[in-house]
Amino acid sequence: MIRYALSAGAFENHITDGVAVAIRKSRFRNFEPYFGVFTSDDEPARLSAKLMRQLLREDVFHPASVHLPFYGDLSWDPSSLDEAERQDVSARLIRLVRSYADLMASMVTLHASGQPPLSEHPQRIGQVCKTIEEMLPTARELGFVINVEFLPRTCVGNCTEELLQIVSNFDPDQVGICLDVNHIMDRYRELPAMIDLLAPRIRSFHICDYDGVDEMHWIPGQGIHDWPTIMRHIRAVGHDVLLILETAMQLKHPSRPIDPLFAVRQNEKACWFLENCEKIQPEIEAFRIPGN
């Protein structure tokens with residue numbers, strides 16, 4: 001079965017009073033909050049936690065996945081070659097999910113690294129596996145799966161081979177894959193085959209569109225992805241998967257904040273498009289603009 005969720009990235013990650021109003025009006029109930037907002041003990045972080053708990057009590061906000069931090073004032077790189085730093089990152093990730101255990105989901109999204117030189121990848125794969133191993137007791141206790149994200153550029157996990165090398169060290173019920181469909185960069189034509197290859201380990205997708213060159217996080221249907229083919233391969237995965245709409249950049253305004261409800265409505269329409277793209281895409285392509 002396919003379930004949909006909305007990434008908090010559509011709201012610039014923080015939950016504000018305005019975002020809370022939009023969530024209450026939304027047809028989404030599943031969300032992927034970004035726990036990176038909780039790495040700073042400031043008023044926006046405290047308000048985010050307060051509002052998330054309130055929305056949980058109202059039963060309008062269900063964390064379906066949690067995105068773990070991957071940037072900030074401190075390193076959050078679980079593949080660090082500095083062993084003391086890696087151990088510190090691992091310990092901080094564990095403390096973070098324990099501190100916000102009441103906001104946890106049944107899965108988390110983990111970035112395996114920053115953007116190190118490719119020559120360091122063999123060592124860094126071993127390092128991120130250590131971090132995952134250290135996180136697993138907490139994952140088992142709190143009941144979540146760790147999904148390693150398919151990443152772009154020179155990140156660890158920027159190809160199917162590296163992702164499989166990482167996750168194959170662990171029980172499939174405890175460590176899976178989050179396949180971000182933007183992060184394959186200029187290899188977008190290979191995406192259906194990648195889905196098929198990684199299918200046994202895929203637990204979630206980050207869904208958005210782009211220009212075939214770099215990640216853009218556009219609304220599905222606005223870029224180059226062949227969505228009818230992609231959705232057929234997603235439906236063939238063979239087990240439940242979570243499709244997380246991770247759209248942000250296209251919804252930003254250059255001179256003012258966006259209305260959170262606008263972001264919600266655009267993503268609701270994107271779900272309708274994805275569910276119906278195999279039928280409506282041929283109609284779109286056959287359409288002729290009147291008078292042209």
Side-chain angles (χ1 to χ4, degrees), residues 2-3 5 7 32 35 64-70 76-81 86-87 89-90 93-94 96-97 104-116 118 120-185 187 190-207 215 230 233-234 236-244 246:
I2 288 176
R3 293 185 300 140
S7 166
E32 184 180 59
F35 268 27
S65 177
V66 163
H67 204 311
L68 297 179
F70 57 92
W76 290 94
D77 189 336
S79 76
S80 175
L81 297 182
R86 186 205 64 76
Q87 290 179 10
V89 170
S90 177
L93 286 170
I94 292 167
L96 184 67
V97 298
M104 281 299 294
S106 60
M107 58 181 75
V108 303
T109 301
L110 176 71
H111 278 208
S113 80
Q115 299 186 56
L118 293 174
E120 294 181 359
H121 280 211
Q123 289 175 278
R124 286 181 175 271
I125 286 171
Q127 291 293 88
V128 75
C129 286
K130 288 182 188 178
T131 301
I132 293 171
E133 187 67 45
E134 291 166 3
M135 293 178 64
L136 281 177
T138 300
R140 286 189 286 265
E141 179 184 341
L142 299 183
F144 63 82
V145 174
I146 299 170
N147 292 330
V148 184
E149 184 169 353
F150 195 117
L151 296 177
R153 294 177 288 276
T154 65
C155 299
V156 172
N158 65 356
C159 60
T160 57
E161 294 81 7
E162 287 192 355
L163 271 181
L164 290 173
Q165 188 177 349
I166 294 168
V167 303
S168 63
N169 289 287
F170 304 100
D171 186 325
D173 292 332
Q174 296 182 331
V175 179
I177 288 171
C178 173
L179 180 51
D180 188 309
V181 300
N182 268 219
H183 287 168
I184 58 176
M185 311 298 279
R187 300 175 62 191
E190 301 173 42
L191 180 57
M194 290 179 178
I195 294 172
D196 294 346
L197 177 63
L198 299 174
R201 288 282 189 158
I202 293 174
R203 296 292 175 269
S204 63
F205 289 83
H206 279 164
I207 295 292
E215 54 184 324
I230 290 169
H233 284 260
I234 288 175
V237 164
H239 55 256
D240 292 353
V241 290
L242 180 69
L243 272 58
I244 305 164
E246 196 183 49

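One is the number of the first residue; the rest follow in order along the sequence. Since we're looking at a predicted model, the values are computed, not measured. Computed over heavy atoms, backbone and side chain alike; hydrogens, waters and symmetry mates excluded.
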Query raised in the report: Is the shortest heavy-atom distance from the side chain of V156 to the side chain of I166 under 4.5 Å?
Result: yes
Query raised in the report: Can you name the residues that form a side-chain contact (heavy atoms from CB on, under 4.5 Å) with A105, not counting sequence neighbours?
Result: P63, V66
**Report entry** Sequence neighbours excluded - salt bridge (charged side-chain N to carboxylate O under 4.0 Å, His left out) pairs with any residue from residues 146-158
**Finding:** R153-D214, R153-E215
Report summary line: Output for pair (I195 CD1, F205 CZ), nearest 0.5 Å, gives 4.5 Å
**Report entry** Shortest non-hydrogen contact from V89 toward D77
**Finding:** CG2-O, 3.7 Å
Report summary line: Contacts of L118 meeting side-chain contact (heavy atoms from CB on, under 4.5 Å) (sequence neighbours excluded), chain-then-number -> H121, T154, N158
Report task. Mind checking side chain to side chain donor-acceptor pair (under 3.5 Å) for T160 and listing every partner two or more places apart, or none if nothing turns up? Result -> none
**Report entry** Minimum-distance pair of heavy atoms, taken over all atoms of G114 and C155
**Finding:** O-SG, 3.0 Å
Query - Partners passing ring-ring contact (aromatic ring centres under 6.0 Å, His included) against F170 (at least two apart in sequence or in another chain) - result: none
Query - H111: partners by ring-ring contact (aromatic ring centres under 6.0 Å, His included), with sequence neighbours left out - result: H67, F70
Query raised in the report: Can you find a heavy atom in the side chain of E190 that is under 4.5 Å from one in the side chain of I184?
Result: no
**Report entry** Worked check of side-chain contact (heavy atoms from CB on, under 4.5 Å) between R3 and D240
**Finding:** CA-CA 8 Å; R3 293 185 300 140; D240 292 353; 5.8 Å; no
Query raised in the report: In Å, rounded to the nearest 0.5 Å, how long is the span from SG of C159 to CE of M185?
Result: 13.5 Å
Query raised in the report: What are the two closest heavy atoms between V145 and G176, and how far apart are they?
Result: CG1-N, 3.9 Å
Query raised in the report: Of all residues at least two apart in sequence or in a different chain, which pass the side-chain contact (heavy atoms from CB on, under 4.5 Å) check with P192?
Result: T229, H233
**Report entry** Side chains of E32 and L242 in contact at under 4.5 Å (non-hydrogen atoms)
**Finding:** no
Query raised in the report: Hey, is the main chain of G157 close enough, under 3.5 Å, to the side chain of E162 for a donor-acceptor pair?
Result: yes
**Report entry** From Q165 atom CD to I125 atom CD1, the distance as rounded to the nearest 0.5 Å
**Finding:** 4.0 Å
Query - Residue pair L96 / P69, side-chain heavy-atom distance below 4.5 Å - result: yes
Report task. Decide yes or no on side-chain contact (heavy atoms from CB on, under 4.5 Å) for E246 and N182, but give the supporting numbers first. Result -> CA-CA 10 Å; E246 196 183 49; N182 268 219; over 6 Å; no
**Report entry** Check against side-chain contact (heavy atoms from CB on, under 4.5 Å), L93 and T138
**Finding:** CA-CA 10 Å; L93 286 170; T138 300; over 6 Å; no
Report summary line: Applying side chain to side chain donor-acceptor pair (under 3.5 Å) to R86 and not counting sequence neighbours gives E83, T131, E134
Query - Residue pair I244 / S204: nearest heavy atoms and the distance that separates them - result: CD1-CB, 4.2 Å
Query - Student check: side-chain heavy atoms of D180 and L151 closer than 4.5 Å - result: no
Query - Contact check, side chains of L164 and L197, non-hydrogen atoms, under 4.5 Å - result: yes
Query raised in the report: What distance do I146 atom CD1 and C178 atom SG have between them, rounded to the nearest 0.5 Å?
Result: 13.5 Å
Report task. For R201 and V167, indicate whether the former's side chain and the latter's backbone hold a donor-acceptor pair under 3.5 Å. Result -> yes
Query raised in the report: Are L198 and F150 close enough that some pair of their side-chain heavy atoms sits under 4.5 Å apart?
Result: yes
Query raised in the report: Do L68 and M135 touch side chain to side chain, with heavy atoms closer than 4.5 Å?
Result: yes
Report task. Sort and list the pairs that fulfil side-chain hydrogen bond (donor to acceptor under 3.5 Å, both in side chains) and have at least one residue in residues 168-179, not counting sequence neighbours. Result -> R140-Q174
Report summary line: Minimal heavy-atom distance between S79 and S113, with the atoms involved, is OG-CB, 3.2 Å
Requested in this report: Go through the structure and list residues passing side-chain contact (heavy atoms from CB on, under 4.5 Å) with L81, not counting sequence neighbours.
Outcome: E120, Q123, R124, Q127
Requested in this report: Would you name the heavy atoms of L191 and I230 that are closest together and state the gap between them?
Outcome: CD2-CD1, 3.5 Å
